[in-house]
**Student:** 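Got a structure for you, written out below as structure tokens; questions coming shortly.
Bear in mind that the values here come from a model prediction, so they are computed numbers and not experimental data. Counting begins at 1 with the first residue of the sequence. Note: hydrogens, waters and symmetry copies are ignored here, and every other heavy atom, side chains too, is used.
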Amino acid sequence: MKIWTSEHVFDHPWETVTTAAMQKYPNPMNPSVVGVDVLDRHVDPSGKLHSHRLLSTEWGIPSIVKSLIGTCRTKTYVQEHSVVDPVKKTMELKSSNISFTNLVSVDERLVYKPHPHEPDKTVLTQEAIISVKGVSLSSYLEGLMANTISSNANKGREALEWVINRLNAEIEEFAASARGTMRNSMAAAAFVEK
């Protein structure tokens with residue numbers, strides 16, 4: 001078993017980061033995620049948003065690994081459960097693979113919280129527990145997977161920044177459009193008054 005952890009601070013408020021996290025896929029930084037299906041989403045009586053999603057991923061698996069695991073299949077699935085608490089301002093996301101569980105399990109936990117001293121920033125804490133089963137060199141493979149998770153975590157943070165920039169651009173475009181509509185309405189009203 002290998003445990004990987006990381007902490008990152010985003011220069012954006014919690015509301016912005018969690019909104020982006022819910023819209024993270026698809027993105028150009030993580031092209032291996034080819035589908036996201038919402039299986040369940042509800043708000044509990046205390047106001048927490050619960051989501052259960054299925055992520056479909058397409059990985060380029062080397063031939064040697066395919067022969068070791070005895071499959072040509074490259075599509076894998078991950079289940080993701082998240083809870084957003086708007087009162088405590090926390091978002092906890094837990095994911096685990098549901099493909100190849102007889103060979104490997106990856107359980108990941110991400111927590112987004114406002115920075116304790118800088119409220120316009122958000123702290124992301126990540127942890128992954130990796131277990132490779134029934135294969136020689138499992139410790140070595142777990143280390144390789146931890147390195148891959150670390151690389152993917154960096155891509156995931158870049159993807160969140162990309163989504164935030166996209167959302168900000170959409171907001172600005174909408175605001176500019178609304179300003180233009182208001183100007184046109186005011187000009188038309190002024191013309192009618194004359």
**Student:** Please tell me whether Val33 and Leu160 are part of a single hydrophobic cluster in this structure, the criterion being side-chain heavy atoms less than 4.5 Å apart.
**Tutor:**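 They do not share one cluster, since no chain of ILVMFWY contacts under 4.5 Å joins Val33 to Leu160.
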**Student:** Taking the side chain as C-beta and beyond, is there a heavy-atom pair between Glu80 and Glu108 under 4.5 Å?
**Tutor:**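 When only atoms from C-beta onward are counted, Glu108 and Glu80 do not touch, as no gap falls below 4.5 Å.
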**Student:** Are side-chain heavy atoms of Pro119 and Pro114 found at a separation under 4.5 Å?
**Tutor:**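 Counting from C-beta outward, Pro119 and Pro114 never come under 4.5 Å.
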**Student:** What distance separates Leu55 CG from Ile98 CD1, expressed to the nearest 0.5 Å?
**Tutor:**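 It comes to 9.5 Å.
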**Student:** Does anything in residues 139-155 form a side chain to side chain donor-acceptor pair (under 3.5 Å)? List the pairs, not counting sequence neighbours.
**Tutor:**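 Non-adjacent pairs meeting side chain to side chain donor-acceptor pair (under 3.5 Å): Asn154-Arg157.
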**Student:** Clusters formed by hydrophobic residues whose side-chain heavy atoms approach within less than 4.5 Å: which one holds Ile171, and what are its other members?
**Tutor:**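 So far as hydrophobic clustering goes, Ile171 is joined with none.
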**Student:** Checking Ser32 against Thr57: is there a side-chain donor and acceptor pair closer than 3.5 Å?
**Tutor:**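 The answer is no; no qualifying pair exists.
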**Student:** Can you tell whether the side chains of Arg109 and Glu127 come within less than 4.0 Å, N to carboxylate O?
**Tutor:**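 No, this pair does not count.
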**Student:** Should Met22 and Val163 be regarded as members of a common hydrophobic cluster, given that ILVMFWY residues are connected when their side-chain heavy atoms come within less than 4.5 Å of each other, either directly or indirectly?
**Tutor:**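 Hydrophobic grouping puts Met22 apart from Val163.
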**Student:** Shortest non-hydrogen contact from Ser99 to Thr76?
**Tutor:**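 Ser99 and Thr76 have their closest heavy atoms at OG-CA, 3.5 Å.
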**Student:** Can you list every pair that meets ring pair (Phe, Tyr, Trp, His ring centres under 6.0 Å) and has a residue in residues 11-50, with sequence neighbours left out?
**Tutor:**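 Pairs touching residues 11-50 that pass the test: His42-His50.
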**Student:** Does CD belonging to Glu173 count more than 12 external heavy atoms closer than 6.0 Å?
**Tutor:**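 No, because the 6.0 Å sphere around CD of Glu173 holds 12 heavy atoms or fewer from other groups.
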**Student:** Output the distance between atom CG (Asn168) and atom OG1 (Thr16), rounded to the nearest 0.5 Å.
**Tutor:**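 Between Asn168 CG and Thr16 OG1, I get 7.0 Å after rounding to 0.5 Å.
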**Student:** With His52, which of Leu39, Val38, Asp37 fulfils side-chain contact (heavy atoms from CB on, under 4.5 Å)?
**Tutor:**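 Going through the options one by one, the only one that passes is Leu39.
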**Student:** Hydrophobic clusters join Ile, Leu, Val, Met, Phe, Trp and Tyr when side-chain heavy atoms are under 4.5 Å apart, directly or via other members; which others share one with Met1?
**Tutor:**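 Ile3, Ile129, which link up through side-chain heavy atoms under 4.5 Å apart, make up the rest of the cluster.
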**Student:** Kindly say whether Lys88 contributes a backbone atom to a donor-acceptor pair with the side chain of Asp85 at under 3.5 angstrom?
**Tutor:**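 Confirmed, Asp85 side chain pairs with Lys88 backbone.
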**Student:** If we ignore hydrogens and angles and just use 3.5 Å, is the side chain of Arg53 paired with the main-chain N or O of Ser82 as donor and acceptor?
**Tutor:**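 No.
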**Student:** Rounded to the nearest 0.5 Å, what's the gap from CD on Glu92 to NZ on Lys48? Could you check?
**Tutor:**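 Between Glu92 CD and Lys48 NZ, I get 10.0 Å after rounding to 0.5 Å.
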**Student:** What I'd like to find out is whether the side chain of Ser96 reaches to under 4.5 Å of the side chain of Gln79, using heavy atoms alone.
**Tutor:**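 With C-beta onward as the side chain, the pair touches.
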**Student:** Which heavy atom in Pro31 sits nearest to a heavy atom in Val34, and how many Å separate them?
**Tutor:**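 Answer, listing the atom of Pro31 first, then Val34: O-CG1, 3.9 Å.
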**Student:** Please answer whether the main-chain N or O of Lys24 pairs with a side-chain N or O of Asn27 as donor and acceptor at a distance below 3.5 Å.
**Tutor:**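 Side chain of Asn27 to backbone of Lys24, a donor-acceptor pair under 3.5 Å: yes, one is there.
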**Student:** What about Val36 and Leu167, same hydrophobic cluster or not, with Ile/Leu/Val/Met/Phe/Trp/Tyr joined at side-chain heavy-atom distances under 4.5 Å?
**Tutor:**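 The answer is no; the residues belong to distinct hydrophobic clusters.
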**Student:** Measure the shortest side-chain to side-chain distance between Gln126 and Leu124 over non-hydrogen atoms and say whether it is less than 4.5 angstrom.
**Tutor:**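 Yes, their side chains come closer than 4.5 Å.
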**Student:** Only pairs at least two apart or in different chains count here, so list each ring pair (Phe, Tyr, Trp, His ring centres under 6.0 Å) that has a residue in residues 144-175.
**Tutor:**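 Qualifying pairs, neighbours excluded: none.
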**Student:** Between atom CZ of Phe10 and atom CD1 of Ile164, what is the distance when rounded to the nearest 0.5 Å?
**Tutor:**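 Atom-to-atom, Phe10:CZ and Ile164:CD1 are 6.5 Å apart.
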**Student:** Do you know the tightest heavy-atom contact between Thr122 and Pro13?
**Tutor:**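 Looking at all heavy atoms of both residues, the shortest contact is OG1-C, 3.1 Å.
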**Student:** Find the distance between CG (Leu110) and OG (Ser95) and round it off to the nearest 0.5 Å.
**Tutor:**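 Spacing of CG (Leu110) from OG (Ser95) equals 7.0 Å.
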**Student:** Should Asn97 and Ser105 count as side-chain neighbours, where that means a heavy-atom distance under 4.5 Å?
**Tutor:**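 Yes. Closest side-chain heavy atoms under 4.5 Å.
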**Student:** Considering all heavy atoms of both residues, which atom of Val123 and which atom of Pro116 are nearest to each other, and what is their separation?
**Tutor:**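 Shortest heavy-atom contact: CG2-CD, 4.3 Å.
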**Student:** Do Trp4 and Leu144 belong together in a cluster built from hydrophobic side chains that touch within less than 4.5 Å?
**Tutor:**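 In one cluster: yes.
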**Student:** Sequence neighbours excluded, which residues qualify as salt bridge (charged side-chain N to carboxylate O under 4.0 Å, His left out) partners of Glu118?
**Tutor:**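 Listed in chain order: Lys121.
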**Student:** Looking at every non-hydrogen atom in both residues, tell me the closest pair between Arg41 and Leu49 and how far apart they are.
**Tutor:**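 For Arg41 and Leu49, the tightest heavy-atom pair comes out as CG-CD1, 3.5 Å.
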**Student:** I need the minimum non-hydrogen distance between Ala159 and Asn30, along with the two atoms involved.
**Tutor:**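 Smallest interatomic distance, heavy atoms only, reads CB-OD1, 3.5 Å.
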**Student:** Is it possible for you to say whether Val78 and Leu93 belong to one hydrophobic cluster, with membership spreading through side-chain heavy-atom contacts below 4.5 Å?
**Tutor:**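 No: no chain of side-chain contacts under 4.5 Å links Val78 to Leu93.
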**Student:** As an exercise, state the distance from CG of Leu54 to CG of Asp40, rounded to the nearest 0.5 Å.
**Tutor:**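 Rounded to the nearest 0.5 Å, the CG-CG separation comes out at 13.0 Å.
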